[in-house]
Amino acid sequence: LILHMQQIHGSAEIAEIVREISICLKDVLNYELFGFALQESSSLHVWVDPRSYGNAISATIEADFPSHNIDEIYYFDDSNATAGQGAPISGDALQSYRLVDKEWTAVLYILSKTKNSPHHREAVEIILEAARVVLGKSLMIKRLESDAALDHLTGCFNRRTLEKCLDHDIAVAQRYDGAMSIMILDVDYFKRINDSHGHLAGDSVLKEIAEFLRGIIRRSDYLARYGGEEFVICLPNTQLQYAARLAENIRTALQNHPICLGDRKVPVTASFGVAALSRGSDQEKLLAEADKMLYHAKATGRNRVCVSGLDDDLSGKILESLWVMSRDMPDTAVMAKQ
C-alpha cells in the first residue's frame, strides 16, 4: 500500500492519478469492477473498466450527478474490450465513496471480489485521502494554467497563448507542406460604443462577440483576443480561399446580429484582414500580412474583408463567388458543430 501511495503522490496528470488509484485498488482490495467520476464546474469526466460501464455503474453515476451530462468516458482496459458486456451488477454490491472539495466532486466506485476484511475501509480511506490531496493539487495547477492562457474578459486565448499555438501550427504546416490561414478582425467604431454606452457596455459587447465567434468557428480553429477590440482566428489546415469565405460569412452574420445591452440593441460590424502562410514565412510575417489587410479594410470603408494577394476588385469578386457557392454548401456554424 505504501508503494502505491508513493506512485499516486508522484502522478501529475489526472488520468495518471486515476489509473494509479485503480491499480492500487486491484492489488490491495482485489476489485472486480471499477469506476471513477470527476465533476469540476459543469464538466463531468468518467473513468471505468469497460465491463462495468453500461450496467449498474452507469445508472449509479447518472443518479449521483443528475444535473450533469458525461463529457468524456475513458476506459482502463487497453485491450479495447467492448464496454458494457459484463453481467449485470447488483446495486447493493457496488460500493461508492465520495470526495468533496470546494471546486470539485469525485466519486469512486468499486466491486470487491472477496468479502470486506476488517481493514477494508481503512485501506480505502487511505487511498481516498491520497487521491484528495493529489487531485486537488493537479486541478489547482490545471486551473492556474488555464487562467494564464486566457484573456480574463472574453475567455479567449490571450496573446501569449496565441503566439505559442501559432508557433506550433506553423511548424507543423511548414514541415508537412500544409496550409495555414489566419484572420484578424477589428470591431468597427468601438470607441463610439464606449462613448455612447459606457465602458462596461463596451466590455459586454466584446464578451458577446467572443461568444458569437466561438459558436461559428470549427473545433480545430482557435480564437484569441489580440488587442483592445481586435480578435485573431487561426485556421489550421485551411487554404486562403476557404479562410476568405469564412471571414465573409462571419462578417455578414455579425452585421445581422445586433448586440443586446439591456433593452437596447446595438448594431455591430467588423473589418477583416485575411492571410495565408507562405513557404519560408513565419509567425511575425503572417500576422503582419493579416494586419496589413485589416488596416486596408478599415481605410477603404470598414465592414469588409480584405484578402492578402488580391486587389480590391478581384477580392470582391472572389468573395462574391464564394458567397454564392456557400448557399449550396453546409452552413459554417453547422460545419463547426460537425
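Every heavy atom of this structure was used, including side-chain atoms; hydrogens, water molecules and symmetry mates were not.
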Note: R214-E211 ion pair, threshold 4.0 Å (strictly below): yes
Heavy atoms of other groups near H257 NE2, more than 12 under 6.0 Å: yes
For P258 against K265, the heavy-atom pair lying closest together: CB-CB, 4.1 Å
Distance-minimising heavy-atom pair for K285 and G280: NZ-O, 4.4 Å
Y74 side chain reached by V48 side chain, heavy atoms, under 4.5 Å: no
Check: I250 and M183 side chains under 4.5 Å, non-hydrogen atoms: yes
Cluster link Y295 to F190, ILVMFWY, side chain under 4.5 Å: no
CG on L200 to CG on L261, rounded to 0.5 Å: 10.5 Å
Identified side-chain hydrogen bond (donor to acceptor under 3.5 Å, both in side chains) counterpart of E289 within the set S278, S308, S281: S308
Interatomic spacing from OG1 in T154 to CG in L213 - rounded to 0.5 Å: 10.0 Å
Check: G202 main-chain N/O paired with S204 side-chain donor or acceptor under 3.5 Å: no
CA sep, side-chain torsions, deciding dist, call: I14, W47, side chain to side chain contact (heavy atoms under 4.5 Å, CB included): CA-CA 11 Å; I14 295 173; W47 288 261; 3.7 Å; yes
Neighbour count above 12 (heavy atom, 6.0 Å) for N256 CG: yes
Audit row: V307, Q241, side chain to side chain contact (heavy atoms under 4.5 Å, CB included) steps and yes/no: CA-CA 9 Å; V307 184; Q241 63 266 33; over 6 Å; no
Polar side chain donor-acceptor pair, D291 to Y226, under 3.5 angstrom: no
Backbone N/O of A149 and side chain of T161: donor-acceptor pair under 3.5 Å: yes
Hydrophobic cluster membership, V172 vs L286, 4.5 Å side-chain cutoff: no
Closest heavy-atom pair and its distance - A275, L240: C-CD1, 3.9 Å
Interatomic distance, D64 atom CG to T105 atom OG1 [nearest 0.5 angstrom]: 10.5 Å
L206 vs R225 side-chain heavy atoms within contact, under 4.5 Å: yes
Closest contact, heavy atoms only, M180 versus Y222: CE-OH, 4.2 Å
Check against side chain to side chain contact (heavy atoms under 4.5 Å, CB included), L166 and L287: CA-CA 10 Å; L166 260 181; L287 286 168; 4.1 Å; yes
Cationic N near anionic O, under 4.0 Å, E248 to R251: yes
Option among V274, L185, I216 that satisfies the side chain to side chain contact (heavy atoms under 4.5 Å, CB included) test with I233: L185
Pairwise distance CG(D167) to CG(D282) - rounded to 0.5 angstrom: 9.0 Å
Q95 and Y97: side chain donor to acceptor below 3.5 Å: yes
Cation-pi, F272 ring and R304 (6.0 angstrom, 45 degrees): no
Closest approach of A37 to Y109 (non-hydrogen atoms, all atoms of both residues): CB-CE1, 4.2 Å
Cluster check V305, Y189: I/L/V/M/F/W/Y, side chain < 4.5 angstrom: no
Salt-bridge criterion met for E163 and R160 (N-O under 4.0 Å): no
Neighbour count above 12 (heavy atom, 6.0 Å) for E72 CD: yes
NZ/K298: more than 12 non-hydrogen atoms of other groups inside 6.0 Å: yes
Side chain to side chain contact (heavy atoms under 4.5 Å, CB included) assessment of F157 paired with V232: CA-CA 9 Å; F157 283 161; V232 173; over 6 Å; no
Cationic N near anionic O, under 4.0 Å, R302 to D186: no
Non-hydrogen side-chain atoms of L246 and R218 separated by less than 4.5 Å: no
Distance (rounded to the nearest 0.5 Å) between Q39 CD and S67 OG: 7.0 Å
Same cluster (ILVMFWY, side-chain, under 4.5 Å), M293 and I182: no
Point-to-point distance, once rounded to the nearest 0.5 Å, from OG of S181 to OH of Y242: 11.5 Å
Within-4.5 Å side-chain heavy-atom neighbours: L294 and E230: yes
4.5 Å side-chain heavy-atom contact, F65 and V46: no
Cluster check I259, F212: I/L/V/M/F/W/Y, side chain < 4.5 angstrom: yes
Heavy-atom pair of closest approach, residues N303 and S271: N-OG, 3.1 Å
Check: A224 main-chain N/O paired with D151 side-chain donor or acceptor under 3.5 Å: no
Note, Q174 side chain near L277 side chain (heavy atom, < 4.5 Å): yes
Main-chain N/O of L235 paired with D221 side-chain donor or acceptor, under 3.5 Å: no
